[in-house]
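The structure under discussion appears below in the form of structure tokens.
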Amino acid sequence: HKTSKYAKDAQWNALAIFYSEGARLEGAQMAEAYAKENPQDPRSIEALKEAAFIYSVMGKTQKSADILTILAQKDQKNQK
């Protein structure tokens with residue numbers, strides 16, 4: 001449940017399980033969702049970086065580029 005105090009950690013653990021089981025696409029999708037739902041969590045940057053890498057490796061270059069654009073925008077906001 002998204003309002004649970006454990007929801008964020010449960011979602012983080014779920015994406016880690018996807019990656020550890022070799023379900024890279026599902027992990028990348030979960031990472032995107034995590035970052036979108038938890039934009040202030042420092043792990044959201046890590047999640048987006050990993051998702052961009054996975055998409056790139058899988059040949060989904062536009063998806064990877066979209067995520068890298070989001071990361072660049074986050075970086076610009078952090079530098080202000």
Side-chain angles (χ1 to χ4, degrees):
H1 195 266
K2 290 184 180 184
T3 59
S4 166
K5 66 181 181 177
Y6 303 110
K8 184 169 47 172
D9 288 333
Q11 191 176 17
W12 182 259
N13 289 335
L15 77 91
I17 289 169
F18 278 128
Y19 287 142
S20 70
E21 294 294 319
R24 297 184 313 172
L25 181 59
E26 293 84 352
Q29 291 167 338
M30 178 69 76
E32 277 188 276
Y34 181 89
K36 189 174 202 175
E37 293 171 19
N38 304 287
Q40 301 306 317
D41 187 326
R43 295 182 296 189
S44 70
I45 299 292
E46 181 182 339
L48 288 174
K49 286 179 182 179
E50 185 67 20
F53 173 75
I54 296 294
Y55 286 132
S56 177
V57 168
M58 296 183 77
K60 298 180 179 291
T61 54
Q62 184 59 55
K63 189 71 172 161
S64 179
D66 292 344
I67 293 173
L68 291 172
T69 299
I70 292 168
L71 283 166
Q73 291 168 346
K74 283 181 169 280
D75 188 49
Q76 285 179 339
K77 287 179 186 175
N78 289 337
Q79 290 182 9
K80 290 182 180 181

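Keep in mind the model is a prediction, meaning the values are calculated, not measured.
Closest non-hydrogen pair, I54 versus R24, comes out as CG2-O, 3.6 Å. Shortest non-hydrogen contact noted between M30 and A14 is CE-CB, 4.0 Å. Across all their heavy atoms, G27 and L15 have their closest contact at O-CB, 4.2 Å.
Under 4.0 Å is where a charged nitrogen must lie from a carboxylate oxygen, and between K63 and E32 at least one such pair does. Using a 4.0 Å cut-off between charged nitrogen and carboxylate oxygen, R43 and D9 count as a salt-bridge pair.
Expressed to the nearest 0.5 Å, how far CD1 of I70 lies from CD1 of I45 amounts to 10.0 Å. Annotation: the span from I67 atom CD1 to Y55 atom OH amounts to 5.0 Å, rounded to 0.5 Å. Residue L48 holds its CG atom at 11.5 Å from CG of D66, rounded to the nearest 0.5 Å.
Side-chain contact between E37 and S44 is absent, with no heavy atoms from C-beta onward closer than 4.5 Å. Side-chain atoms of K49 and L68, non-hydrogen and from C-beta on, never get closer than 4.5 Å to each other.
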For this session: Determine, step by step, whether Y34 and D41 satisfy the side-chain hydrogen bond (donor to acceptor under 3.5 Å, both in side chains) criterion, reporting the C-alpha distance in whole Å, the side-chain angles of both residues, the deciding distance to 0.1 Å, and the verdict.
Result: CA-CA 9 Å; Y34 181 89; D41 187 326; 2.5 Å; yes
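Linking ILVMFWY residues whenever their side-chain heavy atoms come closer than 4.5 Å, directly or via other members, places L25 and F18 in the same cluster. Grouping the Ile, Leu, Val, Met, Phe, Trp and Tyr side chains by contacts below 4.5 angstrom, directly or via other members, places M58 with F53.
Between the side chain of S64 and the backbone N or O of A52 there is at least one donor-acceptor pair closer than 3.5 Å.
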